[in-house]
2 protein chains.
Amino acid sequence: MVQRSNDEIRGDLSYLFDKASQALAARMTTALADLDITPRDYCVLTKAAPGELTQGELAEIALLDKTTMVVTMDNLEGAGLARRTPCPEDRRARIVQTTDEGREVVEKARTVIDGVYEDVLAVLPEKQRAAFLDALVALVGTDGPLSAVEPTPNAPRRRSQRSSRSA
Amino acid sequence: MVQRSNDEIRGDLSYLFDKASQALAARMTTALADLDITPRDYCVLTKAAPGELTQGELAEIALLDKTTMVVTMDNLEGAGLARRTPCPEDRRARIVQTTDEGREVVEKARTVIDGVYEDVLAVLPEKQRAAFLDALVALVGTDGPLSAVEPTPNAPRRRSQRSSRSA
DNA sequence: TATTGTTATACTCTATAACTATA
DNA sequence: TATAGTTATAGAGTATAACAATA
């Protein structure tokens with residue numbers, strides 16, 4: 001295995017972020033696998049907790065495409081963690097509710113996730129840790145230079161939709 | 001658009017890293033698009049600079065599968081930025097060399113990338129910036145809690161390779 | 001006509017398998 | 001037999017398009 005030195009990667013911000021994101025995602029996926037859910041399941045499940053959102057609203061909050069949401073909900077419903085209920089006001093829509101089991105799983109998952117975060121951030125001294133999170137929020141949060149929701153570079157290309165950008 | 005508050009995202013380390021990685025990647029892709037190369041092209045191109053590595057060695061250093069490397073090299077060669085030369089010692093292998101144009105592009109790209117990094121990190125005061133990078137390296141670098149090369153969670157699953165793990 | 005959720009499908013990315021030519 | 005690079009293709013993820021029911 002080829003390993004780059006710490007000095008070398010310090011100047012490669014892309015690498016640092018990519019690696020941090022991937023490695024943490026891998027740890028999260030592994031940690032949540034014991035509960036038989038994916039990070040995305042957890043994301044949707046927590047946001048559905050209030051129990052008054054439609055599938056579409058939930059998709060928007062969780063930053064998922066509505067078709068991706070269908071797949072996610074199929075899984076959650078199949079696993080007995082969430083339920084689709086007809087919306088009284090709009091018979092096209094469906095309210096998403098977490099089941100008792102779903103709430104239990106979310107609670108356990110919360111503990112697991114906190115443990116992972118704690119474990120990861122433990123390498124930073126208390127004070128440095130706070131400063132680190134502050135900096136990250138400054139970069140990623142509202143009005144930060146990395147807050148922009150630029151078009152996903154990875155998304156399937158639109159069907160040649162030429163010269164209709166600023167029209 | 002739904003926007004989570006800075007307070008809320010501060011506790012969501014996964015989100016912070018994912019967003020930072022994605023947003024920076026988007027900026028990089030956009031910035032490098034003017035030079036008609038992708039971040040991966042740049043990565044390979046710089047590492048090929050010494051000009052004495054085979055395609056396989058290059059793939060290992062750039063952390064790419066050898067088949068992905070083929071595609072990348074096809075692009076680079078098609079764009080006239082790199083060249084495949086038969087290896088004198090091993091007629092199966094090919095040495096990858098950057099062309100004059102390739103070196104020019106790398107140089108320009110280096111400037112572009114430094115500009116993006118500078119622009120992004122500019123929101124952090126000088127001292128905080130150094131501490132931030134130190135912390136990131138501590139997390140991601142050698143022996144850090146996020147240095148592990150766990151199996152890519154996104155990779156196509158192996159063809160059911162059961163119970164042959166620790167055998 | 002517009003919108004919610006669904007199904008079918010297309011596209012991107014990356015890796016495994018099979019192959020050719022060397023070693 | 002094993003390895004370097006290639007080609008073909010499969011798998012995973014996510015999005016667009018078309019559709020049914022309803023607004």
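Note that the coordinates shown come from a computational prediction; the quantities given were computed from them, not determined experimentally.
When the shell of 6.0 Å around CD of B/Glu52 is examined, it contains 12 or fewer heavy atoms from other residues, nucleotides or ligands.
Remark: B/Arg84 is not in phosphate contact with D/dA4, judged by side-chain N or O atoms under 4.0 Å from OP1 or OP2. Within the structure, a side-chain polar atom (N or O) of B/Thr68 is placed less than 4.0 Å from OP1 or OP2 of C/dA15.
Distance, B/Arg91 CZ to D/dT6 P: 16 Å, rounded to whole Å. Look at CD1 on B/Ile95: it is 9 Å from P on D/dG5, rounded to the nearest Å. Rounded to whole Å, atom C1' of C/dC13 lies 12 Å from atom CG of B/Leu64. In this structure, A/Asp90 atom CG and C/dT4 atom P are separated by 8 Å, rounded to whole Å. Protein atom CZ of A/Arg92 is 19 Å distant from nucleotide atom P of D/dC19, rounded to whole Å. Computed from coordinates, the A/Asn75 CG to C/dT6 C1' distance equals 15 Å when rounded to whole Å. The separation between A/Asp65 atom CG and D/dG13 atom P is 15 Å, rounded to whole Å. One can place CZ of B/Arg40 at 14 Å from P of C/dT12, the figure rounded to the nearest angstrom.
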* Asked: Run the salt bridge (Lys or Arg N to Asp or Glu O under 4.0 Å) check on A/Asp74 and A/Arg84 step by step: do they pass?
  -> CA-CA 10 Å; A/Asp74 286 349; A/Arg84 285 184 253 226; 2.3 Å; yes
* Asked: Yes or no on side chain to side chain contact (heavy atoms under 4.5 Å, CB included) for B/Leu136 and B/Phe17, after CA distance, side-chain angles and deciding distance?
  -> CA-CA 11 Å; B/Leu136 252 186; B/Phe17 282 148; 4.2 Å; yes
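Taking the nucleotide of DNA chain C with the nearest heavy atom to each of B/Val71 and B/Lys66, the more 5' of the two is matched to B/Val71. Nearer the 5' end of DNA chain D, as judged by each residue's closest nucleotide, is the contact made by B/Met73, out of B/Met73 and A/Glu89.
Residue B/Thr67 places a side-chain atom within donor-acceptor reach of the base of C/dA15, judged by atom type and a 3.5 Å distance cut-off alone.
The aromatic rings of A/Phe132 and B/Phe132 lie parallel to each other, with less than 30° between the two planes, well short of the 60° mark.
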